[in-house]
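Below is one structure; the comments refer to it alone.
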Amino acid sequence: MSLHLKKGDKIMVLAGKDKNKTGKILRMNYKKNTVLVEGVNLVKKHMRRRSEADPGGIKEIPIPIQVSNIALLCSHCNRGVRFHTKLLDKKGKVRVCSRCQKEI
Ligand SMILES: [Zn+2]
């Protein structure tokens, strides 16, 4: 995967029916180049009743979306952006927004 995204990242959808939606990455699939994003690409699914606490019914659950359709959300720009990584002395790497040049 060319993008340096990881679980927990906030992203913005760039294309498709959920364009401009934002959400947090729940799971990555490096083989398929897809990500599962909270609240994005939802489908209605019939769930079986499992307990009092989990009565089932129709629930909306997210299905994976192509990585090419999303971008990391920059909190400064408030939009999906390209970014690059910058090496820091001993502290490791930070991701820098290519638009505003601030740390994401
Ligand atoms: Zn930015």
Side-chain angles (χ1 to χ4, degrees):
M1 190 174 293
S2 56
L3 295 163
H4 300 275
L5 295 170
K6 59 181 192 294
K7 197 176 153 186
D9 279 346
K10 281 206 93 180
I11 60 90
M12 181 174 267
V13 182
L14 303 177
K17 70 178 170 78
D18 282 341
K19 194 176 170 183
N20 295 329
K21 258 197 189 180
T22 61
K24 210 162 64 172
I25 295 178
L26 300 173
R27 206 185 305 148
M28 317 262 321
N29 189 324
Y30 294 97
K31 269 189 190 160
K32 290 183 179 169
N33 261 336
T34 60
V35 290
L36 192 66
V37 184
E38 193 177 53
V40 167
N41 213 17
L42 296 175
V43 292
K44 286 197 171 79
K45 206 169 186 185
H46 288 271
M47 309 292 278
R48 201 174 282 173
R49 184 195 143 95
R50 282 192 290 199
S51 67
E52 285 296 321
D54 189 0
I58 295 167
K59 281 184 184 170
E60 288 201 310
I61 61 154
I63 57 170
I65 184 171
Q66 285 291 323
V67 156
S68 56
N69 287 345
I70 64 162
L72 189 65
L73 181 72
C74 173
S75 55
H76 309 288
C77 301
N78 204 25
R79 56 181 271 181
V81 295
R82 290 177 175 277
F83 63 93
H84 51 276
T85 51
K86 194 170 77 175
L87 283 167
L88 298 176
D89 293 338
K90 289 168 189 166
K91 282 161 89 182
K93 282 186 282 189
V94 289
R95 293 180 297 183
V96 178
C97 172
S98 295
R99 197 162 172 267
C100 67
Q101 304 301 325
K102 287 179 187 158
E103 256 182 56
I104 295 175

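Order of appearance sets the numbers: ligands from 1, and atoms from 1 within every ligand.
- Here the NZ atom belonging to K93 is positioned 5.5 Å from the OG1 atom belonging to T85, to the nearest 0.5 angstrom.
- Residues that satisfy the side chain to side chain contact (heavy atoms under 4.5 Å, CB included) test with L14, not counting sequence neighbours, are A71.
- Around the Zn ion (ligand 1), the protein N, O or S atoms found under 2.8 Å comprise C74 SG, C77 SG, C97 SG, C100 SG.
- Atoms NZ and CD, on K21 and E38 in that order, are 11.5 Å from each other to the nearest 0.5 Å.
- Heavy-atom minimum distance, N33 versus Q66: O-OE1, 3.5 Å.
- Remark: K44 engages E60 in a salt bridge (Lys or Arg N to Asp or Glu O under 4.0 Å) (not counting sequence neighbours).
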When the side chains of residues 97-104 are checked against the rest of the protein, which donor-acceptor pairs come out under 3.5 Å, sequence neighbours left out?
unit_1	atom_1	unit_2	atom_2	d
S98	OG	R82	O	3.2
S98	OG	H84	ND1	3.3
Q101	NE2	S98	O	3.0

